[in-house]
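Since this is a predicted model, take the numbers as computed values, not measurements.
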Amino acid sequence: MTKSHASADAFGFASKADVPVFDTVCGDASGSNPYPDVWITVPERDKNGVYAGRRRVGRYPDPHNPDGDPYGTSALGLGGRYYDEGMECVDAADHERRIDCFRAAELLYLHAAMKHNAYAFLCLGYVYSYNRCEGRFYEANEPAGIGPLGAGEPFSRERRAFECLEVAADSGLAEGCYKLGDLYKRGMGCEPSDKKAFDCYLRASELAEAGGPVIWGSIGFRLGDAYEHGRGCRQDFARAHAWYRKAVIGLRAAVTSGDWYYEGVLARAEQGVKRCEQELSLADE
């Protein structure tokens, strides 16, 4: 990662023209946390809203209050802010900034995971399973895992994705359960198993009642697909139809509220409803 050699103001924060997306500095000398401290920055924009550099706003962990985030909540939030910025970098000119945002997110999520934050493991599962850093992961630079998972083992993105989502699922996170099911279905970091994938989806559905529409809508789509095609369960068009309908309700609510990313899966759920209705009508003839 590029080290910053920017001139500093009276508070030690560099001018926005020279500040990288993030930077690291040697942290906990006691060895209780293997990860370096992170200089946190935020994007600056001109009057037209165009990206115009960055501004340092702090350091994590806070050297003046190193025990001020006992559950990793702040690290999780800072990582989420970087992750969201990375997702917004869609132009080719912003490609390097996108990767650096995800690299910063990974490191902050690792800090939170060291504090046993289940949501941090969920977020790391996304970072690794979608290869957000395009191979430039922090722990890939280490000869063996040094963090909360994989200690002493060579880094494997696929295996690390599986391990992180397994922790999230075991912690009772519905999203972790269905994403773990996706890895079983694809055989990422594990042997492929439709039955284990289905079991994860079913457990996720039991945990998702209090979740938002994106979560239970996504789970509904996966269960609809499983029942329609008999993947990991007995083929059942009536159940598939019911789950697809639930998926449509949840995903449509998500898209309406601005989560445009789910437009594609919403269309697929709607098609699933139609296919199952056709199969059920043929069965009645």
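Under the 4.5 Å side-chain criterion, counting only non-hydrogen atoms from C-beta, E134 is not in contact with F102. The closest side-chain heavy-atom distance from F121 to L165 is not below 4.5 Å. Between P34 and M114, the closest side-chain pair of non-hydrogen atoms falls below 4.5 Å. Y138 is not listed as a side-chain neighbour of C133, based on a closest heavy-atom distance of 4.5 Å or more. Side chains of V38 and H111 form a contact here, defined as non-hydrogen atoms less than 4.5 Å apart.
Across all their heavy atoms, I219 and Y201 have their closest contact at CG2-O, 3.6 Å. When all heavy atoms of A254 and V214 are compared, the pair lying nearest together is CB-CG2, 3.2 Å. Across all non-hydrogen atoms, the minimal contact from G72 to A112 is O-CB, 3.5 Å. For the residue pair L223 and S205, the shortest heavy atom distance occurs at CD1-CB, 3.8 Å. Listed here is the closest heavy atom pair of A204 and C177: CB-CB, 3.6 Å. Shown here for D37 and P61, the closest heavy-atom pair between the two residues is OD1-CD, 3.1 Å.
Using cut-offs of 30° and 60° on the angle between ring planes, the pair Y244 and F221 is tilted. The aromatic rings of F22 and Y82 sit perpendicular to each other, their planes meeting at more than 60°, with 30° as the lower class boundary.
Across K179, K185, R186, a single residue satisfies salt bridge (charged side-chain N to carboxylate O under 4.0 Å, His left out) together with D182, and that is K179.
Note on K196 versus E191: no salt bridge recorded, every NZ/NE/NH1/NH2 to OD/OE distance being 4.0 Å or above. Between E106 and R160, none of the side-chain N atoms (NZ, or NE/NH1/NH2) sits under 4.0 Å from a carboxylate O, so this pair counts as no salt bridge.
One hydrophobic cluster, built from ILVMFWY side chains closer than 4.5 Å, cannot hold both W243 and W216; they sit in different ones. V19 and V50 fall into different hydrophobic clusters, where Ile, Leu, Val, Met, Phe, Trp and Tyr residues are linked whenever their side-chain heavy atoms come under 4.5 Å apart, directly or through other members. I99 is not connected to I40 by any chain of hydrophobic side-chain contacts under 4.5 Å among Ile, Leu, Val, Met, Phe, Trp and Tyr, and they are in different clusters. Y262 and I249 end up in different hydrophobic clusters when Ile, Leu, Val, Met, Phe, Trp and Tyr side chains are linked at under 4.5 Å. Under the 4.5 Å side-chain heavy-atom criterion for ILVMFWY residues, a single connected hydrophobic cluster contains both V57 and L108.
Expressed to the nearest 0.5 Å, how far CG of L207 lies from OH of Y178 amounts to 13.0 Å. Here L266 contributes atom CG and D259 contributes atom CG; the two are 11.5 Å apart, rounded to the nearest 0.5 Å. Between the CG atom in L173 and the CG atom in L180 there is a gap of 11.5 Å [rounded to 0.5 Å]. For the atom pair F237 CZ and L282 CG, the distance stands at 9.5 Å (nearest 0.5 Å). Taken from OG1 in T24 to OH in Y60, the straight-line distance is 15.5 Å, to the nearest 0.5 Å. Rounding to the nearest 0.5 angstrom, the gap separating the OG atom in S129 from the CZ atom in R157 is 7.5 Å.
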Could you walk me through whether Y128 and E163 pass the side chain to side chain contact (heavy atoms under 4.5 Å, CB included) check? CA-CA 10 Å; Y128 296 134; E163 292 172 332; over 6 Å; no

Would you please test Y126 and E175 for side-chain hydrogen bond (donor to acceptor under 3.5 Å, both in side chains) and show each step? CA-CA 11 Å; Y126 274 90; E175 191 170 358; 2.6 Å; yes

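Proximity of the aromatic rings of Y184 and F162 is defined here by a centroid distance below 6.0 angstrom, and this criterion is met. Residues F198 and Y227 place their aromatic rings such that the two centres sit under 6.0 Å apart.
Using modelled atom types, no side-chain atom of R56 and backbone atom of T41 make a donor-acceptor pair closer than 3.5 Å. Here the side chain of H241 pairs no donor or acceptor atom with the backbone of D236 at under 3.5 angstrom. Within the 3.5 Å criterion, the main-chain N or O of R98 finds no donor-acceptor partner in the side chain of D94. The backbone N or O of S218 sits less than 3.5 Å from a side-chain atom of R222, completing a donor-acceptor pair. Looking at K115, its side chain does come within 3.5 Å of a backbone N or O of D69 through a donor-acceptor pair. A donor-acceptor contact shorter than 3.5 Å links the side chain of N117 to the backbone of A120. The closest donor-acceptor contact from the side chain of R55 to the backbone of V42 lies at 3.5 Å or more, if one exists at all. Listed for the D84 side chain is no donor-acceptor partner under 3.5 Å among the backbone atoms of E88. Looking only at distances, a side-chain donor or acceptor of Q235 sits under 3.5 Å from a matching main-chain atom of E228. A distance-only check finds a donor-acceptor pair linking the side chain of D62 to the backbone of H64 [under 3.5 Å].
In this structure, H116 places its NE2 atom where only 12 or fewer heavy-atom neighbours from other residues, nucleotides or ligands lie under 6.0 Å away. No more than 12 heavy-atom neighbours from other residues, nucleotides or ligands sit within 6.0 angstrom of CD on Q278. Applying the 6.0 Å contact sphere to CZ of R203 captures more than 12 heavy atoms from other residues, nucleotides or ligands.
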